[in-house]
J.: 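Okay, here's the structure, questions in a sec.
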There are 2 protein chains.
Amino acid sequence: MSKQAAPLSLDLTAAPCCPPLAQQRVSDETAVVLAPAFKALGDPVRLRLMSMIASAEGGEVCVCDLTPAFDLTGPTISHHLRTLREAGLVDSERRGTWVYYRARPQVLRQLAALLAVEPSPPSDR
Amino acid sequence: MSKQAAPLSLDLTAAPCCPPLAQQRVSDETAVVLAPAFKALGDPVRLRLMSMIASAEGGEVCVCDLTPAFDLTGPTISHHLRTLREAGLVDSERRGTWVYYRARPQVLRQLAALLAVEPSPPSDR
DNA sequence: CCCCTAGGTTGACATCTGTCTAAGCAGCGT
DNA sequence: ACGCTGCTTAGACAGATGTCAACCTAGGGG
């Protein structure tokens, strides 16, 4: 694998930040910083988790509402959530017995911006 | 890993397609179809390759222009390109001695759309 | 104080992935 | 026909990843 450190909670806001990928070559540094975020989304379970968290009413979900949606054990879900957290995509907070996760929209926005492409170039229609 | 088949060239256009991840829960099927694309972008080398291809003048690049940009052997670059191809992110075409790669904007657009988030919700400022 | 529930941590395991070297295939010159 | 250059395929190998069972920690109630 192409190296990766994961300082246990990435601040993607610190990334050299993102003229669209298709508009200007992504630098090595930027690639190294942003790739882990895409990697984190590169698993169906995590993609769904991310979606469940990001689309949650009130902006947050209890883990207890996430786990039963999958055919996986608690530890496995916990592991995936940790991956999302370390990729800087979500934040977690314990409140009493429960742990709540919420999305970090800035990072999502940054990734979306990176993938942005012209609406539909002339050659296409 | 959470299952995956890769029919040697994915048609992501066939995906149940993408109301933003933060607006509606991504279905299992959609997640299974789209996750591989994110996974493909989840490596710094491939992210840069994707960018070099997508931002290329004339919409295409020769492999011979990609390879020297990295500290990797030809086969390794070829392997990464294949991954991008199988993820449906790029297309390749041989012309004479050289092979040219071009991006598939539709897929990029689809991924970007999935990550789209409200500009900046009230709670944020 | 004890136990119950919600989650996270550890360790183990099979599988996948990134990288390389060696070998193969495709065009193009001569 | 031969060899050269550009790229892909095949095989090998160390390291990463997804999953689980077992264990641990934190809070809340009796």
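In this text the structure is predicted, and so the values were computed from the model without any measurement.
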J.: Ignoring backbone atoms, test whether His79(A) places a side-chain nitrogen or oxygen under 4.0 Å from the OP1 or OP2 oxygen of dT10(C).
T.: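 No, His79(A) has no side-chain N/O under 4.0 Å of OP1/OP2 on dT10(C).
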J.: Should Val26(B) and Leu72(A) be counted in the same cluster of Ile, Leu, Val, Met, Phe, Trp and Tyr side chains packed under 4.5 Å apart?
T.: yes
J.: If only side-chain N and O atoms of Arg94(A) are considered, is one of them under 4.0 Å from the OP1 or OP2 phosphate oxygen of dA26(D)?
T.: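 Answer is no, no contact under 4.0 Å.
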J.: Looking only at the side chain of Tyr101(B) (C-beta and beyond, no hydrogens), which of the listed nucleotides dC20(C), dG18(D), dT8(D) gets closest?
T.: dT8(D)
J.: Identify the heavy atoms of Pro105(A) and Val117(B) that sit nearest to each other, and give their distance.
T.: CB-CG1, 3.9 Å
J.: Can you identify which nucleotide, out of dG18(C), dG7(C), dG8(C), has its nearest atom closest to the Asp43(B) side chain?
T.: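 Closest nucleotide to the Asp43(B) side chain: dG18(C).
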J.: Nearest to the side chain of Pro75(A), heavy atoms from C-beta on, is which of dT19(C), dG8(C), dT9(D)?
T.: dG8(C)
J.: I need the CD-P distance between Glu60(B) and dC7(D), as an integer number of Å.
T.: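 To the nearest whole Å, that distance equals 13 Å.
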J.: How close or far is atom C1' of dG7(C) from atom CZ of Arg85(A), stated in whole angstroms?
T.: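 Going from CZ in Arg85(A) over to C1' in dG7(C) covers 10 Å.
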J.: Quick one: which of dT19(C), dG27(C), dA6(C) gets closest to the side chain of Trp98(A)?
T.: dA6(C)
J.: Establish whether Leu66(A) and Met50(A) are linked, either directly or via other cluster members, by ILVMFWY side-chain heavy-atom contacts under 4.5 Å.
T.: yes
J.: Of all the choices, dG6(D), dT19(C), dA26(D), which nucleotide is nearest to the side chain of Thr97(B) once you look at every atom?
T.: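 Closest of the options to the side chain of Thr97(B): dG6(D).
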J.: Take the protein atom CD of Glu93(A) and the nucleotide atom P of dA26(D), then report the distance between them rounded to whole Å.
T.: 17 Å
J.: Does Leu49(A) belong to the same Ile/Leu/Val/Met/Phe/Trp/Tyr cluster as Trp98(A), with side-chain heavy atoms less than 4.5 Å apart forming each link?
T.: no
J.: For Gly74(A), answer base if it contacts any base atom (sugar-phosphate contacts may also be present), sugar-phosphate if it contacts only those atoms, and nothing otherwise; contact means non-hydrogen atoms under 4.0 Å.
T.: nothing
J.: Closest approach of Pro36(B) and Ala87(B), non-hydrogen atoms and distance?
T.: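 So the minimum-distance heavy-atom pair works out to O-CB, 4.0 Å.
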J.: Could you give the NE2-to-P distance, from His80(B) to dG18(C), as a whole number of Å?
T.: 6 Å
J.: Just compare dC20(C), dG8(C), dT19(D) and give me whichever is closest to any side-chain atom of Thr73(B).
T.: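 Nearest to the side chain of Thr73(B) among the choices is dC20(C).
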J.: Of Ser78(B) and Arg46(A), whose closest DNA chain D nucleotide lies nearer the 5' terminus?
T.: Ser78(B)
J.: Looking at dA22(D), dT19(D), dC16(C), which one has an atom nearest to any side-chain atom of Lys39(B)?
T.: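 Selected nucleotide: dC16(C).
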J.: I want to check a possible cation-pi pair here: Arg95(A) against Tyr100(A), using under 6.0 Å from ring centre and within 45° of the ring axis as the test.
T.: yes
J.: Within this structure, what is the CZ-to-P distance between Arg48(A) and dG18(D), rounded to whole angstrom?
T.: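 Rounded to the whole Å, the gap is 16 Å.
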J.: Is Arg82(B) near enough to dC7(D) that one of its side-chain N or O atoms lies under 4.0 angstrom from OP1 or OP2?
T.: no
J.: According to a strict under-4.0 Å criterion, is Thr76(A) in side-chain N/O contact with OP1 or OP2 of dG18(D)?
T.: no
J.: Could you state the atom-to-atom distance from CG of Leu66(A) to P of dA6(C) in whole Å?
T.: 14 Å
J.: Looking at every strand, decide which applies to Arg95(B) at a 4.0 Å heavy-atom threshold: base, sugar-phosphate, or nothing.
T.: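 Arg95(B): no heavy atom of the nucleic acid under 4.0 Å.
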J.: Return the value, rounded to whole Å, for the distance between atom CD1 of Ile77(A) and atom P of dG7(C).
T.: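 One finds 11 Å between P of dG7(C) and CD1 of Ile77(A), rounded.
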J.: Would you kindly give the OH-to-C1' distance between Tyr100(B) and dC7(D), to the nearest whole Å?
T.: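 Interatomic distance, OH of Tyr100(B) to C1' of dC7(D): 13 Å.
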